[in-house]
Amino acid sequence: PKFSRDILLALFLLYWIHPLPGNIFGDMQLGMQALSVQGAERLLHCFNQRIWADGAVLHGGFRAFEVAEACSGLRTAVTVFLCTVGVGILFHLRWFEIVVFSVLGLLQVLALNVLRITFMVMWAARKPPEWSGAFLHDTLGVFLLISILLVQLEMSWWKARHGARLQRQQ
(Lines give C-alpha, C1' and ligand atoms only; values in the text may rest on other atoms or scores of the structure.)
Protein backbone atom coordinates (compact mmCIF):
# COMPACT_ATOMS: atom_id res chain seq x y z
CA PRO A 1 0.00 0.00 0.00
CA LYS A 2 2.76 2.46 0.90
CA PHE A 3 4.76 1.67 -2.25
CA SER A 4 1.84 1.26 -4.67
CA ARG A 5 2.43 4.66 -6.30
CA ASP A 6 6.14 3.88 -6.77
CA ILE A 7 5.35 0.48 -8.26
CA LEU A 8 2.99 2.00 -10.82
CA LEU A 9 5.58 4.61 -11.76
CA ALA A 10 8.28 1.93 -12.02
CA LEU A 11 6.07 -0.18 -14.30
CA PHE A 12 5.40 2.89 -16.46
CA LEU A 13 9.16 3.49 -16.67
CA LEU A 14 9.78 -0.16 -17.61
CA TYR A 15 7.24 0.18 -20.40
CA TRP A 16 9.27 3.02 -21.93
CA ILE A 17 12.54 1.09 -21.81
CA HIS A 18 11.45 -0.76 -24.95
CA PRO A 19 12.78 0.85 -28.12
CA LEU A 20 10.63 3.50 -29.71
CA PRO A 21 9.06 2.65 -33.07
CA GLY A 22 11.41 3.20 -35.99
CA ASN A 23 9.42 5.97 -37.63
CA ILE A 24 9.44 8.05 -34.41
CA PHE A 25 13.02 7.17 -33.41
CA GLY A 26 14.41 7.82 -36.90
CA ASP A 27 12.93 11.33 -37.13
CA MET A 28 14.11 12.19 -33.62
CA GLN A 29 17.56 10.82 -34.41
CA LEU A 30 17.86 12.93 -37.56
CA GLY A 31 16.74 16.01 -35.62
CA MET A 32 19.26 15.40 -32.85
CA GLN A 33 21.97 14.75 -35.44
CA ALA A 34 21.19 18.02 -37.24
CA LEU A 35 21.17 20.02 -33.99
CA SER A 36 24.48 18.47 -32.93
CA VAL A 37 26.19 19.16 -36.27
CA GLN A 38 24.87 22.73 -36.48
CA GLY A 39 25.86 23.40 -32.87
CA ALA A 40 29.35 22.03 -33.51
CA GLU A 41 29.63 24.21 -36.63
CA ARG A 42 28.76 27.33 -34.65
CA LEU A 43 31.12 26.44 -31.81
CA LEU A 44 33.93 25.77 -34.28
CA HIS A 45 33.31 29.19 -35.84
CA CYS A 46 33.80 30.67 -32.34
CA PHE A 47 37.21 28.93 -32.26
CA ASN A 48 38.02 30.46 -35.68
CA GLN A 49 37.86 27.13 -37.50
CA ARG A 50 36.87 27.40 -41.15
CA ILE A 51 34.19 24.76 -41.38
CA TRP A 52 30.66 24.44 -42.75
CA ALA A 53 27.90 21.92 -42.21
CA ASP A 54 26.15 20.13 -45.02
CA GLY A 55 23.52 17.87 -43.49
CA ALA A 56 25.35 15.46 -41.22
CA VAL A 57 28.79 16.25 -42.65
CA LEU A 58 31.16 18.94 -41.46
CA HIS A 59 33.46 20.16 -44.23
CA GLY A 60 36.68 21.81 -43.23
CA GLY A 61 39.54 22.61 -45.54
CA PHE A 62 40.74 19.32 -46.96
CA ARG A 63 38.69 17.00 -44.72
CA ALA A 64 35.06 16.03 -44.34
CA PHE A 65 33.79 14.71 -41.02
CA GLU A 66 30.62 12.67 -41.10
CA VAL A 67 28.53 12.31 -37.97
CA ALA A 68 26.76 8.97 -38.22
CA GLU A 69 23.15 8.57 -37.10
CA ALA A 70 24.29 6.24 -34.34
CA CYS A 71 26.47 9.08 -32.99
CA SER A 72 23.59 11.58 -32.91
CA GLY A 73 23.24 11.31 -29.14
CA LEU A 74 19.60 10.20 -29.13
CA ARG A 75 20.26 6.90 -27.37
CA THR A 76 22.22 8.82 -24.76
CA ALA A 77 19.31 11.26 -24.45
CA VAL A 78 16.79 8.44 -23.97
CA THR A 79 19.03 6.81 -21.35
CA VAL A 80 19.52 10.10 -19.49
CA PHE A 81 15.77 10.76 -19.65
CA LEU A 82 14.96 7.36 -18.15
CA CYS A 83 17.62 7.75 -15.45
CA THR A 84 16.33 11.23 -14.61
CA VAL A 85 12.75 10.03 -14.28
CA GLY A 86 13.87 7.04 -12.20
CA VAL A 87 15.99 9.12 -9.82
CA GLY A 88 13.22 11.72 -9.59
CA ILE A 89 10.79 9.00 -8.54
CA LEU A 90 13.27 7.64 -5.98
CA PHE A 91 13.82 11.15 -4.57
CA HIS A 92 10.03 11.70 -4.45
CA LEU A 93 10.31 14.89 -6.48
CA ARG A 94 7.17 16.59 -7.68
CA TRP A 95 6.13 15.97 -11.28
CA PHE A 96 7.12 19.42 -12.50
CA GLU A 97 10.57 19.07 -10.91
CA ILE A 98 11.05 15.80 -12.79
CA VAL A 99 10.00 17.54 -16.02
CA VAL A 100 12.48 20.39 -15.42
CA PHE A 101 15.32 17.98 -14.67
CA SER A 102 14.42 15.87 -17.72
CA VAL A 103 14.59 18.89 -20.01
CA LEU A 104 17.83 19.98 -18.34
CA GLY A 105 19.28 16.50 -18.86
CA LEU A 106 18.32 16.47 -22.55
CA LEU A 107 19.88 19.90 -23.06
CA GLN A 108 23.05 18.71 -21.35
CA VAL A 109 23.19 15.67 -23.63
CA LEU A 110 22.90 17.93 -26.66
CA ALA A 111 25.59 20.30 -25.33
CA LEU A 112 27.97 17.43 -24.55
CA ASN A 113 27.36 15.92 -27.99
CA VAL A 114 28.20 19.27 -29.60
CA LEU A 115 31.40 19.40 -27.52
CA ARG A 116 32.28 15.85 -28.54
CA ILE A 117 31.88 16.61 -32.25
CA THR A 118 33.80 19.88 -31.86
CA PHE A 119 36.73 18.14 -30.15
CA MET A 120 36.69 15.46 -32.83
CA VAL A 121 37.04 18.04 -35.61
CA MET A 122 39.74 20.02 -33.79
CA TRP A 123 41.85 16.98 -32.89
CA ALA A 124 41.44 15.17 -36.21
CA ALA A 125 43.69 17.52 -38.17
CA ARG A 126 46.77 15.36 -37.62
CA LYS A 127 45.03 12.00 -37.42
CA PRO A 128 44.21 9.46 -40.14
CA PRO A 129 40.78 9.86 -41.79
CA GLU A 130 39.23 6.80 -40.08
CA TRP A 131 40.13 8.15 -36.63
CA SER A 132 37.21 10.59 -36.45
CA GLY A 133 34.50 7.94 -36.71
CA ALA A 134 36.25 5.74 -34.16
CA PHE A 135 36.61 8.70 -31.79
CA LEU A 136 32.90 9.50 -31.93
CA HIS A 137 31.99 5.88 -31.34
CA ASP A 138 34.51 5.30 -28.55
CA THR A 139 33.66 8.43 -26.55
CA LEU A 140 29.91 7.82 -26.51
CA GLY A 141 29.98 5.82 -23.27
CA VAL A 142 32.11 8.40 -21.48
CA PHE A 143 29.73 11.20 -22.39
CA LEU A 144 26.76 9.07 -21.34
CA LEU A 145 28.27 8.59 -17.89
CA ILE A 146 29.10 12.30 -17.61
CA SER A 147 25.52 13.23 -18.59
CA ILE A 148 23.96 10.87 -16.05
CA LEU A 149 26.36 11.97 -13.33
CA LEU A 150 25.64 15.67 -13.96
CA VAL A 151 21.88 15.20 -13.78
CA GLN A 152 22.10 13.10 -10.63
CA LEU A 153 24.41 15.63 -8.97
CA GLU A 154 22.00 18.43 -9.85
CA MET A 155 19.05 16.46 -8.49
CA SER A 156 20.92 15.62 -5.29
CA TRP A 157 21.87 19.27 -4.85
CA TRP A 158 18.26 20.32 -5.41
CA LYS A 159 16.94 17.72 -2.97
CA ALA A 160 19.46 18.77 -0.27
CA ARG A 161 18.75 22.47 -0.81
CA HIS A 162 15.00 21.95 -0.81
CA GLY A 163 15.21 19.75 2.34
CA ALA A 164 17.32 22.34 4.17
CA ARG A 165 14.86 25.09 3.25
CA LEU A 166 11.96 23.02 4.58
CA GLN A 167 13.79 22.40 7.86
CA ARG A 168 14.45 26.14 8.30
CA GLN A 169 10.77 26.89 7.75
CA GLN A 170 9.72 24.47 10.48
Side-chain angles (χ1 to χ4, degrees), residues 1-43 53 55-56 58 66-120 133-170:
K2 180 180 173 185
F3 300 107
S4 62
R5 185 182 82 121
D6 292 340
I7 290 171
L8 289 175
L9 288 171
L11 289 174
F12 175 76
L13 191 61
L14 281 175
Y15 172 76
W16 281 102
I17 287 176
H18 296 291
L20 293 170
N23 56 349
I24 296 173
F25 191 80
D27 291 342
M28 290 171 60
Q29 195 168 27
L30 287 175
M32 186 89 163
Q33 183 182 23
L35 286 173
S36 296
V37 170
Q38 290 169 0
E41 176 191 23
R42 288 187 176 101
L43 187 58
L58 287 167
E66 183 178 359
V67 178
E69 287 180 12
C71 296
S72 68
L74 186 61
R75 291 184 183 175
T76 303
V78 170
T79 305
V80 168
F81 172 74
L82 291 172
C83 288
T84 303
V85 172
V87 171
I89 291 169
L90 289 174
F91 282 177
H92 295 286
L93 296 179
R94 291 174 282 207
W95 68 270
F96 61 89
E97 292 172 327
I98 294 174
V99 169
V100 168
F101 281 112
S102 296
V103 170
L104 182 64
L106 296 177
L107 290 174
Q108 287 175 175
V109 166
L110 182 61
L112 287 172
N113 204 37
V114 167
L115 282 175
R116 184 170 65 117
I117 294 169
T118 301
F119 287 146
M120 181 261 308
F135 174 81
L136 282 180
H137 180 72
D138 294 345
T139 57
L140 187 62
V142 173
F143 278 92
L144 171 65
L145 293 175
I146 291 171
S147 300
I148 291 172
L149 181 65
L150 282 174
V151 171
Q152 289 192 0
L153 287 173
E154 291 162 353
M155 291 176 85
S156 297
W157 173 80
W158 176 257
K159 182 74 172 163
R161 182 174 173 261
H162 186 68
R165 190 173 57 202
L166 286 176
Q167 284 181 347
R168 276 184 272 151
Q169 288 177 353
Q170 291 176 353

Evaluation steps, side chain to side chain contact (heavy atoms under 4.5 Å, CB included), between Leu93 and Phe101 = CA-CA 10 Å; Leu93 296 179; Phe101 281 112; 4.1 Å; yes
Is any side-chain heavy atom of [X] less than 4.5 Å from a side-chain heavy atom of [Y]?
{"X": "Val109", "Y": "Met32", "value": "yes"}
{"X": "Thr76", "Y": "Asn113", "value": "no"}
{"X": "Val151", "Y": "Leu104", "value": "no"}

Does any pair with a residue in residues 143-157 pass side-chain hydrogen bond (donor to acceptor under 3.5 Å, both in side chains), and if so which ones, sequence neighbours excluded?
->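 Sorted result for residues 143-157: empty, none.
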Which heavy atom of [X] sits nearest to which heavy atom of [Y], and what is that distance?
{"X": "Ser102", "Y": "Val85", "answer": "OG-CG2, 3.9 Å"}
{"X": "Val114", "Y": "Ser36", "answer": "CG2-O, 3.7 Å"}
{"X": "Ala40", "Y": "Leu58", "answer": "CB-CD1, 4.3 Å"}
{"X": "Ala77", "Y": "Leu106", "answer": "O-CD2, 3.4 Å"}

Any donor-acceptor pair under 3.5 Å linking the side chain of [X] with the backbone of [Y]?
{"X": "Gln33", "Y": "Val67", "value": "yes"}
{"X": "Glu41", "Y": "Ala53", "value": "yes"}
{"X": "Glu97", "Y": "Arg94", "value": "yes"}
{"X": "Arg116", "Y": "Thr139", "value": "no"}

Set of side chain to side chain donor-acceptor pair (under 3.5 Å) partners for Arg165, sequence neighbours left out |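 If we apply the side chain to side chain donor-acceptor pair (under 3.5 Å) test to Arg165, skipping adjacent residues, the hits are His162.
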